[in-house]
2 protein chains.
Amino acid sequence: MTMNGPKTEKAQSDGPAAALGTPSKERLRMWLRMLKSTRRVEAQLRENLRTEFNSTLPRFDVMAALSRYSDGLKMSALSGVLKVSNGNVTGIVDRLVDEGLVVRVQVPGDRRASLVRLTRKGEEVFAAQALAHEAWIDELLGSFTPEEARMVSDHFDMMRDDDEEEGQ
Amino acid sequence: MTMNGPKTEKAQSDGPAAALGTPSKERLRMWLRMLKSTRRVEAQLRENLRTEFNSTLPRFDVMAALSRYSDGLKMSALSGVLKVSNGNVTGIVDRLVDEGLVVRVQVPGDRRASLVRLTRKGEEVFAAQALAHEAWIDELLGSFTPEEARMVSDHFDMMRDDDEEEGQ
DNA sequence: CAAATATATTTCAAGCTCAAACCTTTTTTG
DNA sequence: CAAAAAAGGTTTGAGCTTGAAATATATTTG
């Protein structure tokens, strides 16, 4: 396969010990690397969820959020926690409801709102997925020692100016 | 807003100095942090591309890839470089063609294949976007010093076992 | 050279994603 | 209290994404 290389001289892909470029270039470099790594892990997670659980990452994210709030979440709170658009969650929850993994419970005093909650089945399914998920991550990020992982975690922690929780 | 907290006791979100959990937990923690950070930056990039260039991240990615291969790329090579599915690229390129930013050039000896290339206009548009893109990244990741950025880059570099290039 | 196989690309169905428009149902306020 | 504003959700339209199936063209092989 005659694949001709990039036209730009690759002036900065010269290994860990190379001289630093401008701050802006170094940050760009970092961004491209972290984007690539994240996408790779995400792609593998999607693949695993699909083949082993016939599910998707968005579904997993929704269930993970619900599993942390056993009292249920309103749709708006759910989209707030996940930081995705309001209308987005509607469709995902619809499908989870179809599969009996979550329910919408009417809120007593408010005829607009409903609380979304995991069903018993939903809890069981998610528990299995969460277990597998942690193992997948452990494998995919196995090249990081716990200490390195902590270091990187802390670096990223620095850049959250406003936000709050999120996690499994 | 009566937002009740997570039900699980947050046993490990106790700041940078906290004791390390199991390796698997540390890696999971790192994954969740890097996923959140990546999504935040991505969301802002999407927003900026939309409002300032009436474009999208996938379009930008395609144009960035093409800008590095001035001789053009075959569709399959393009999806290979971007690591997205084959059929995916078709639609994105279609729209870029509609807007006159790229062209499909027939490959002489092969009536199946075509080379995709940036047009003159495409090159100009991309140049402006790339400039803005680097500035956005510089701002979004401004909390990292160049040295830290390099350190994180190198950490992620470690975990690419097989792959090759990618970048702006 | 014809059948089989491989390559290049598009089409398709299902699902995710967003912003904007649109209902309803509260809540606020004049 | 009635009009206006706010809050909770869904719908809609456009685009992105994937894996699988479908097309068409090239190459290999018996």
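To find a chain, count down the sequence lines: A is the first, B the second, and so on, and within it residues start at 1.
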At under 4.0 Å between heavy atoms, what does A:Val89 touch on the DNA or RNA strands: base, sugar-phosphate, or nothing? nothing
Ionic contact status for A:Glu147 with A:Arg150, cut-off 4.0 Å: no
How would you label the contact of B:Leu57 with the nucleic acid (heavy atoms, under 4.0 Å): base, sugar-phosphate, or nothing? nothing
For B:His155 and A:Phe144, take the angle between the two ring planes, folded into 0 to 90°, and tell me which bin it lands in: parallel under 30, tilted 30 to 60, perpendicular over 60. parallel
Answer yes when B:Glu47 and B:Arg50 have at least one side-chain N-carboxylate O distance shorter than 4.0 Å, and no when they do not. yes
Separation of D:dT17 atom C1' from B:Asp61 atom CG, nearest Å, is 13 Å
Given atom CG of A:Leu82 and atom C1' of C:dT17, what is their separation to the nearest angstrom? 13 Å
Between A:Asn88 and C:dC18, does any side-chain N or O lie under 4.0 Å from OP1 or OP2? yes
The nucleotide from C:dA8, D:dT18, D:dG8 with an atom nearest the side chain of B:Ser76 is C:dA8
Same cluster (ILVMFWY, side-chain, under 4.5 Å), A:Leu73 and A:Leu115: no
With respect to the phosphate group of C:dT11, does any side-chain polar atom (N or O) of B:Thr90 fall under 4.0 Å of OP1 or OP2? no
Whether A:Arg59 contacts C:dC16 is assessed here as follows: a side-chain N or O lying under 4.0 Å from the phosphate OP1 or OP2. Is that the case? yes
Nearest-nucleotide wise, let me know which of B:Gly87 and A:Thr56 is further upstream toward the 5' end of DNA chain C. B:Gly87
Just to confirm, is there a sub-4.0 Å distance from OP1 or OP2 of D:dT10 to any side-chain nitrogen or oxygen of A:Arg104? yes
Flag, side chain of A:Ser114 to backbone of A:Val105, donor-acceptor distance under 3.5 Å: no
I need the residues from residues 41-48 of chain B with at least one non-hydrogen atom less than 4.0 Å from DNA chain C; give them sorted by number, or say none. B:Glu47
Looking at the side chain of A:Asp110, which of D:dT18, C:dC16, D:dG8 is the nearest nucleotide? D:dG8
Is B:Val107 touching bases, backbone alone, or none of the nucleic acid, heavy atoms closer than 4.0 Å? nothing
Atom-to-atom span, CG of B:Asn86 to P of C:dT7 - whole angstrom: 13 Å
Nearest heavy-atom pair of B:Arg104 and B:Val116: which atoms, and what distance? CG-CG2, 4.3 Å
Given C:dA20, D:dT17, D:dA20, which nucleotide is nearest the side-chain atoms of A:Arg50? D:dA20
Whole Å only: how far is the CD1 atom of A:Ile92 from the P atom of D:dG9? 15 Å
Value rounded to 0.5 Å, distance of CD1 in A:Ile137 from CD in A:Glu134: 9.0 Å
What's the CG-P distance between B:Asp94 and D:dA14, to the nearest Å? 16 Å
For B:Arg59, all residues meeting side-chain contact (heavy atoms from CB on, under 4.5 Å), sequence neighbours excluded: B:Ser55, B:Thr56, B:Ile92, B:Arg95, B:Leu96, B:Glu99
Atom CE of B:Met75 and atom P of D:dA24 are separated, to the nearest Å, by 18 Å
Given the structure, check if the side chain of B:Arg112 and the base of D:dA26 hold any donor-acceptor pair shorter than 3.5 Å. no
Phosphate contact (D:dT27 OP1 or OP2) by B:Arg111 side-chain N/O below 4.0 Å: no
Figure out the CG/C1' separation between B:Asn54 and C:dA19, and round it to whole Å. 13 Å
Mind calculating the distance between CG (B:Leu49) and C1' (C:dA19) to the nearest angstrom? 16 Å
Report the nucleotide, chosen from C:dG15, D:dG19, C:dA20, that has the shortest atom-to-atom distance to any side-chain atom of A:Arg95. C:dG15
